[in-house]
**Student:** 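One structure follows; several queries about it will come next.
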Protein chains: 2
Amino acid sequence: MVCRRRPLHGKPFRNMARSSSSGSDKPASGDTGDVRRASTRSTGSVTLGDVAKLAGVSPITVSRVLNRPEMVTADTIEAVRRAIAETGYVPNLLAGGLASSRTKLIAAIIPTLGNAMFIDTIQPLNDCLSAAGYQLMLGLSGFPELCEEDLLKAILSRRPDAIVLTGVNHSAETRQCLLAAKIPVVETWDLTATPIDMLVGFSHEKVGAEVANYLFGKGYRRFAQVCAEDERAQIRRRSFEAALRDKGQSCLSTVCVPTPTTVRMGREGLAQLLAEGHRPEVVFCSSDVLAHGVLAEAQSRGLRVPDDMAVMGFADLDFAAYTFPSLSTVHVDRAAMGRHAGEVLLARLSGRPVDKKMVDIGFSIVARASA
Amino acid sequence: MVCRRRPLHGKPFRNMARSSSSGSDKPASGDTGDVRRASTRSTGSVTLGDVAKLAGVSPITVSRVLNRPEMVTADTIEAVRRAIAETGYVPNLLAGGLASSRTKLIAAIIPTLGNAMFIDTIQPLNDCLSAAGYQLMLGLSGFPELCEEDLLKAILSRRPDAIVLTGVNHSAETRQCLLAAKIPVVETWDLTATPIDMLVGFSHEKVGAEVANYLFGKGYRRFAQVCAEDERAQIRRRSFEAALRDKGQSCLSTVCVPTPTTVRMGREGLAQLLAEGHRPEVVFCSSDVLAHGVLAEAQSRGLRVPDDMAVMGFADLDFAAYTFPSLSTVHVDRAAMGRHAGEVLLARLSGRPVDKKMVDIGFSIVARASA
DNA sequence: CTTTCCGATGATAGCGCTAACATGCCATCC
DNA sequence: GGATGGCATGTTAGCGCTATCATCGGAAAG
């Protein structure tokens with residue numbers, strides 16, 4: 001049943017004798033009595049060597065079956081596969097990565113899991129990478145970009161083959177670490193003239209300006225905002241205000257809320273605006289989640305949306321088209337960002353050239369019922 | 001300025017000579033000319049040995065400064081820290097993990113990132129673990145539990161120190177792998193009489209039954225459901241129906257939708273129920289997201305909630321209290337599940353005994369405006 | 001003053017894997 | 001028929017780190 005291997009090259013199969021010094025070693029009395037002296041450090045788990053012994057080949061051949069099967073004949077593969085199944089061997093990627101300097105690990109740093117925006121980028125990134133045999137490791141920076149460097153070092157200590165970052169503002173030390181690691185880097189969710197390596201994002205400045213244009217064009221004049229404290233949201237907010245000024249308008253008031261944003265913050269944000277005595281015709285929110293809260297608060301007060309007050313969101317999250325009334329927002333192709341990041345990384349890692357190192361995926365205003 | 005180390009024990013400091021065979025090695029001519037002959041495989045990055053040389057100590061001492069500083073005197077630590085900063089050394093956890101069989105990596109498998117329920121468990125788990133110096137690695141199984149085993153093997157090949165699973169239904173092979181890995185395991189989000197190792201969850205059967213009791217008690221009689229196809233949702237659904245039967249009632253209709261659930265599916269689910277000619281008094285949804293969609297669809301049709309139709313959700317996601325009308329639902333302390341999982345793992349990993357290997361964290365009905 | 005012990009540090013030998021080169025076999029070529 | 005080359009496989013030597021035990025100097029004990 002078991003495919004017995006011929007003794008290749010007439011040499012008796014002998015391996016795993018790693019104990020004695022590399023010079024002339026006096027063989028153990030029986031020669032075949034190659035008793036693997038249980039090292040004090042042995043972990044006891046099945047190793048590639050165990051599989052090799054069972055299959056009657058050398059360890060490197062097992063390694064090849066797993067990593068470069070095209071180098072091995074069909075029946076060797078068969079014998080090795082059988083041995084792997086029989087032993088329940090699970091490769092040790094720590095050892096493999098250490099030896100080859102390739103870990104098949106790609107890290108992505110996002111601010112939080114609590115924001116569906118980033119998740120929608122990560123999911124396709126993960127799909128793309130795992131299809132190519134890479135594993136994605138997520139790092140959560142928490143929004144304050146303070147400890148990004150520590151997180152990065154923790155991640156780099158696992159020697160990922162590449163890394164995906166959210167945002168483009170990184171400390172000098174962070175850039176330094178990344179450069180020193182000499183691995184492909186993709187920054188996402190924003191644009192900059194000075195990317196570390198590769199980049200896929202869109203202009204938050206333009207978003208703010210275009211939203212201002214859109215709302216102004218629809219005839220709204222009394223503007224307010226509920227805006228998250230995160231960096232990119234603040235960029236949108238400022239360019240929104242700047243664009244209004246260009247039209248001789250201004251923003252009545254802006255309520256700032258912490259990140260990640262919640263529906264509750266949206267409700268309380270509108271409540272605060274109204275409590276301050278403002279009666280905005282339209283509220284621009286830095287996320288659809290906030291917009292949803294504003295919508296709920298408006299309804300609970302009997303305000304009709306958009307007639308009494310219009311609401312504009314950002315991101316076009318999956319629910320935006322299905323709230324009542326449906327949410328006008330800014331569509332960002334988050335999945336495309338993730339896919340693109342995955343593709344350029346895979347290209348780099350397989351040695352293919354990457355033509356466009358910087359990609360602006362743009363955005364579009366989605367006019368629905370709420371504004 | 002630099003704290004020069006005395007030559008301990010009068011021996012000249014000599015290390016990193018790893019090239020020649022272990023037997024008698026003829027020293028390079030000048031003795032001090034210990035030129036590190038660039039190996040063909042050298043990765044070029046800063047190693048612990050480089051730091052050691054700069055600090056004037058042995059590599060193992062640097063290792064101790066990083067991992068067990070209590071074994072090292074204050075000024076040695078100081079010298080090593082300085083050398084680390086100067087060289088920009090980033091430890092290689094592949095090598096460290098390989099040597100010590102401890103990776104400081106903990107893996108968690110969840111079905112999807114698209115469901116806020118699981119995220120809310122993962123976030124506190126992550127916080128808890130990273131505070132203890134562990135890193136969390138997420139694995140996404142996708143809902144069909146088909147390839148869980150492959151994912152698990154990919155994860156185990158990185159030799160995590162422990163693993164967190166979602167759900168309790170695992171294939172025989174999966175259990176086998178886990179047992180063979182000999183690491184702590186926590187199953188979450190469900191209960192079972194036969195956990196692999198440790199467990200923290202709640203009874204989905206009881207949820208279904210109690211929701212039936214609650215809604216029946218409020219006087220509703222015409223029941224319908226919109227229910228995700230996932231395993232645990234189906235358990236809730238069946239026990240909901242069983243409990244209704246016990247009261248001589250029945251469920252008019254159940255619309256099943258794929259996972260992860262979206263607001264859209266909720267809207268379409270209610271639309272389908274109504275199109276089929278049902279006029280339920282209350283709709284029990286397998287997630288708050290679906291419930292939110294049902295709410296929106298009801299509003300868009302001018303149905304008053306809960307007067308014309310009541311809606312019940314599940315999970316008590318962060319928005320549930322802030323929709324309009326606010327959502328009656330089943331509260332599950334997802335964060336506590338994550339914290340608990342983290343705590344028992346950390347206890348195990350630090351050798352402390354875990355008294356309660358199985359924990360039922362329970363749930364509670366939250367009566368708000370919608371039902 | 002010697003012995004004992006302890007705390008700080010070092011030398012050695014792997015952890016399990018793969019890069020790089022070596023080897024043997026066979027088919028092909030002149 | 002020997003040289004040539006290509007292919008499948010094997011041997012050797014690390015990858016960078018830590019477990020383990022050895023060692024050393026000095027404090028405590030006798």
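What you are looking at is a predicted structure, and each value in this text was computed from that prediction instead of being measured. Residue numbers start from 1 in every chain, and the chains themselves are labelled A, B, ... in the order their sequence lines are given, proteins ahead of strands.
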**Student:** Can you find a donor-acceptor N/O pair under 3.5 angstrom joining the side chain of Arg64(A) to the base of dG10(D)?
**Tutor:**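 Present.
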**Student:** Can you measure from CG (Leu165(B)) to OG1 (Thr174(B)) and round to the nearest 0.5 angstrom?
**Tutor:** 8.5 Å
**Student:** Just to verify, what does Thr61(A) make a side chain to side chain donor-acceptor pair (under 3.5 Å) with, not counting sequence neighbours?
**Tutor:** Ser58(A)
**Student:** Let's see if you can work this out: which of dT9(C), dG16(C), dT18(C) has an atom nearest to the side-chain heavy atoms of Ser45(A)?
**Tutor:** dG16(C)
**Student:** Taking only N and O in the side chain of Thr76(A), is any of them less than 4.0 Å away from OP1 or OP2 of dA8(D)?
**Tutor:**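 Checking Thr76(A) against dA8(D): no side-chain N or O falls below 4.0 Å of OP1 or OP2.
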**Student:** Do Met137(B) and Ile106(B) come within less than 4.5 Å of each other through their side chains, counting heavy atoms only?
**Tutor:** no
**Student:** Indicate whether OP1 or OP2 belonging to dC15(C) is found under 4.0 Å from a side-chain N or O atom of Thr43(A).
**Tutor:** no
**Student:** Rounding to a whole Å, what distance do you find between Leu156(B):CG and dG16(C):C1'?
**Tutor:** 16 Å
**Student:** Salt bridge or not for Arg82(B) and Glu86(B), using N-O below 4.0 Å?
**Tutor:**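 Looking at Arg82(B) and Glu86(B), the cut-off is not met.
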**Student:** Write down the distance between CG (Leu94(A)) and C1' (dC17(D)), rounded to a whole number of angstrom.
**Tutor:**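 So the CG-C1' distance, Leu94(A) to dC17(D), works out to 11 Å.
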**Student:** How would you list, by chain and number, every residue that makes a salt bridge (Lys or Arg N to Asp or Glu O under 4.0 Å) with Arg348(B), sequence neighbours excluded?
**Tutor:**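 Counting only residues at least two positions away or on another chain, Arg348(B) forms a salt bridge (Lys or Arg N to Asp or Glu O under 4.0 Å) with Asp197(B).
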**Student:** Using a 4.0 Å heavy-atom cut-off, does Arg102(B) contact any base of the nucleic acid, only the sugar-phosphate backbone, or nothing at all?
**Tutor:** sugar-phosphate
**Student:** Tell me: CG of Asp75(B) to C1' of dT9(C), nearest whole Å?
**Tutor:** 13 Å
**Student:** Given dA8(D), is OP1 or OP2 found less than 4.0 Å from the side-chain N or O atoms of Thr73(A)?
**Tutor:**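 No, Thr73(A) has no side-chain N/O under 4.0 Å of OP1/OP2 on dA8(D).
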**Student:** In whole angstrom, give the distance that lies between atom CG of Leu98(B) and atom P of dC15(C).
**Tutor:**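 Taking CG of Leu98(B) and P of dC15(C), I get 9 Å after rounding.
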**Student:** Just checking Ser101(A): base, sugar-phosphate only, or nothing, at a heavy-atom cut-off of under 4.0 Å?
**Tutor:**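 Nothing: the residue Ser101(A), judged by heavy atoms under 4.0 Å, touches no strand.
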**Student:** Give the table of side-chain donor-acceptor pairs shorter than 3.5 Å for residues 96-105 of chain B, with sequence neighbours excluded, one pair per line with atom names and distance.
**Tutor:**
| from | atom 1 | to | atom 2 | distance (Å) |
| --- | --- | --- | --- | --- |
| Ser100(B) | OG | Gly96(B) | O | 2.8 |
| Ser100(B) | OG | Arg102(B) | N | 3.2 |
| Ser100(B) | OG | Arg102(B) | O | 3.3 |
| Thr103(B) | OG1 | Leu105(B) | N | 3.4 |
| Thr103(B) | OG1 | Arg159(B) | O | 2.7 |
| Thr103(B) | OG1 | Asp161(B) | OD1 | 3.3 |

**Student:** Name the closest nucleotide to the Ala99(A) side chain, picking from dC15(D), dT20(D), dG16(D).
**Tutor:**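 When the side chain of Ala99(A) is considered, dC15(D) is the closest of dC15(D), dT20(D), dG16(D).
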**Student:** Within the pair Asn92(A) and dC15(C), is there a side-chain N or O less than 4.0 Å away from OP1 or OP2?
**Tutor:** no
**Student:** Side chain of Val72(B) only, please: which of dC17(C), dT9(C), dG16(D) is the nearest?
**Tutor:**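 Side chain of Val72(B) sits closest to dT9(C).
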**Student:** Does OP1 or OP2 of dG10(D) have a side-chain N or O of Thr61(A) closer than 4.0 Å?
**Tutor:**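 Indeed, a polar side-chain atom of Thr61(A) lies that close.
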**Student:** Could you check how far CD of Glu78(B) sits from C1' of dA8(C), rounded to whole Å?
**Tutor:**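 Rounded to the whole Å, the gap is 18 Å.
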**Student:** Please report the distance, rounded to the nearest Å, between CZ in Arg159(B) and C1' in dC17(D).
**Tutor:**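 Distance, rounded to whole Å: 17 Å.
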**Student:** Pairs of donor and acceptor atoms involving the side chains of residues 177-185 of chain A, under 3.5 Å and at least two apart or interchain, shall be tabulated with distances.
**Tutor:**
none

**Student:** Whole-Å distance between dC6(C) P and Met71(B) CE?
**Tutor:**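 To the nearest whole Å, that distance equals 15 Å.
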**Student:** How many Å lie between CG on Asn67(A) and P on dC17(C), as a whole number?
**Tutor:** 10 Å
**Student:** End-to-end bend of the helix from dC1(C)-dG30(D) to dC30(C)-dG1(D) (five-pair axes, 10° rounding)?
**Tutor:**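 End-to-end axis angle for the helix from dC1(C)-dG30(D) to dC30(C)-dG1(D): 40°, rounded to 10°.
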**Student:** Indicate whether OP1 or OP2 belonging to dG16(C) is found under 4.0 Å from a side-chain N or O atom of Thr47(A).
**Tutor:** no
**Student:** Please collect all side-chain hydrogen bond (donor to acceptor under 3.5 Å, both in side chains) contacts where either partner lies in residues 87-99 of chain A, sequence neighbours excluded, each pair once.
**Tutor:**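 For residues 87-99 of chain A: none.
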